[in-house]
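Just so you know, ligand 1 is whichever comes first in the structure, and atom 1 is the first atom listed for that ligand. The figures here come from the full heavy-atom set of this structure, side chains too, leaving out hydrogens, waters and symmetry mates.
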Amino acid sequence: MARIWAVVPAAGRGTRFGGELPKQYLVVDGLPLIAHTLAALFAHDAVEGAVVPVSENDPDWPCWTEFAGKPVHACTGGASRAASVLAGLRALPDDVRADDFVLVHDAARPNLSLTDLSQLLERGRNDPVGAILAAPVRDTLKRAGDDGGIDGTEARERLWRAFTPQLFRRLQLTRALESATTDGVEVTDEAMAMERLGLRPLLVEGSESNFKITTPADLARFAYERAQRDC
Ligand code: C5P
């Protein structure tokens, strides 16, 4: 059976959040967010280890070589999320084969449930391309004009919001990200790189609780949801 490793890009400097500390190192319950994220991924027995791309000479990276009994390898990330993921794919142990699976998951998305992760792995491993967690758009979508007025209403049918983790095979994902880089296309998730090659990853519906920490309100929500879960 194909093996599964995680790549957890953590080389962003979190400028949208504000503050000195990149958001993946903000502390909740005595642990940095990246620890919560790794714990969520490693909660699944099939996930063997993780590569974490961090920014160059990152002073905040805790220099783990293992976490929860599983191996963790850090590498230097890149200027974009895609470049960081590509660096992570290249830093995977040599014995992770071309057809083995890689689970790419944002360091700043610590609230992933084991139920969602299990669903993604079950469905994605049986798909020839791979799969991503996502949720259907439920709000009405407006297109804004330059003046802030509404130019129109967009159809929301069949529109989904892409989350992570995203599950793909090591070689296919590497080729897809290399192709986007060569063509100068900035992909905002791994699925987009695959789609550019005409491939169609599967959408697996996941919980809205698997949100990315982007604002201080998101951080407070994570702390609250975690406390609710534990009591
Ligand atoms: O900035 P954004 O929230 O989209 O970043 C998503 C994830 O990608 C974060 O975990 C961030 O640390 C990571 N990232 C990265 N390298 C970059 C930019 C973002 O690893 N150059």
**Q** In sequence, state the C-alpha distance, the side-chain angles, and the governing distance for Glu66 and Lys70, and then conclude on salt bridge (charged side-chain N to carboxylate O under 4.0 Å, His left out).
**A** CA-CA 5 Å; Glu66 64 161 49; Lys70 299 189 184 187; over 6 Å; no

**Q** Does ligand 1 have an atom under 4.0 Å from some heavy atom of Lys23?
**A** yes

**Q** Between Ser80 and Glu186, does any side-chain donor sit less than 3.5 Å from a side-chain acceptor?
**A** no

**Q** Heavy-atom contacts with Ala79 under 4.0 Å: which atoms of ligand 1 show up? List them by number with element.
**A** 21 (N)

**Q** Within a radius of less than 6.0 Å around CD of Gln228, do more than 12 heavy atoms belonging to other residues, nucleotides or ligands occur?
**A** yes

**Q** With a 3.5 Å cut-off and no angle check, do the side chains of Arg109 and Thr37 form a donor-acceptor pair?
**A** no

**Q** If hydrogens are left out, which of Pro9, Ala11, Gly88 has an atom nearest to atom 10 (O) of ligand 1, that is, the closest non-hydrogen atom?
**A** Pro9

**Q** Determine, using heavy atoms of Gly78 and all atoms of ligand 1, whether some pair is separated by less than 4.0 Å.
**A** yes

**Q** Name the one of Arg81, Lys212, Gln24 that satisfies side-chain hydrogen bond (donor to acceptor under 3.5 Å, both in side chains) with Asp106?
**A** Arg81

**Q** Would you say the side chains of Ser207 and Asn210 form a donor-acceptor pair under 3.5 Å?
**A** no

**Q** Compute the shortest N/O to N/O distance between Pro53 and ligand 1 and return yes if it is under 3.5 Å, no if not.
**A** no

**Q** What atoms of ligand 1 come within less than 4.0 Å of a heavy atom belonging to Lys212?
**A** 2 (P), 3 (O), 4 (O)

**Q** Would you mind finding which of Ala10, Gly12, Pro22 brings a heavy atom closest to atom 18 (C) of ligand 1?
**A** Gly12

**Q** Which atoms from ligand 1 have a heavy atom of Ala107 less than 4.0 Å away?
**A** 10 (O)

**Q** Provide the number and element of each atom of ligand 1 under 4.0 Å from a heavy atom of Ala108.
**A** 10 (O)

**Q** Which atoms of ligand 1 are found less than 4.0 Å from any heavy atom of Ser84?
**A** 15 (C), 16 (N), 17 (C), 20 (O), 21 (N)

**Q** Is the His73-Trp5 ring centre distance short of 6.0 angstrom?
**A** yes

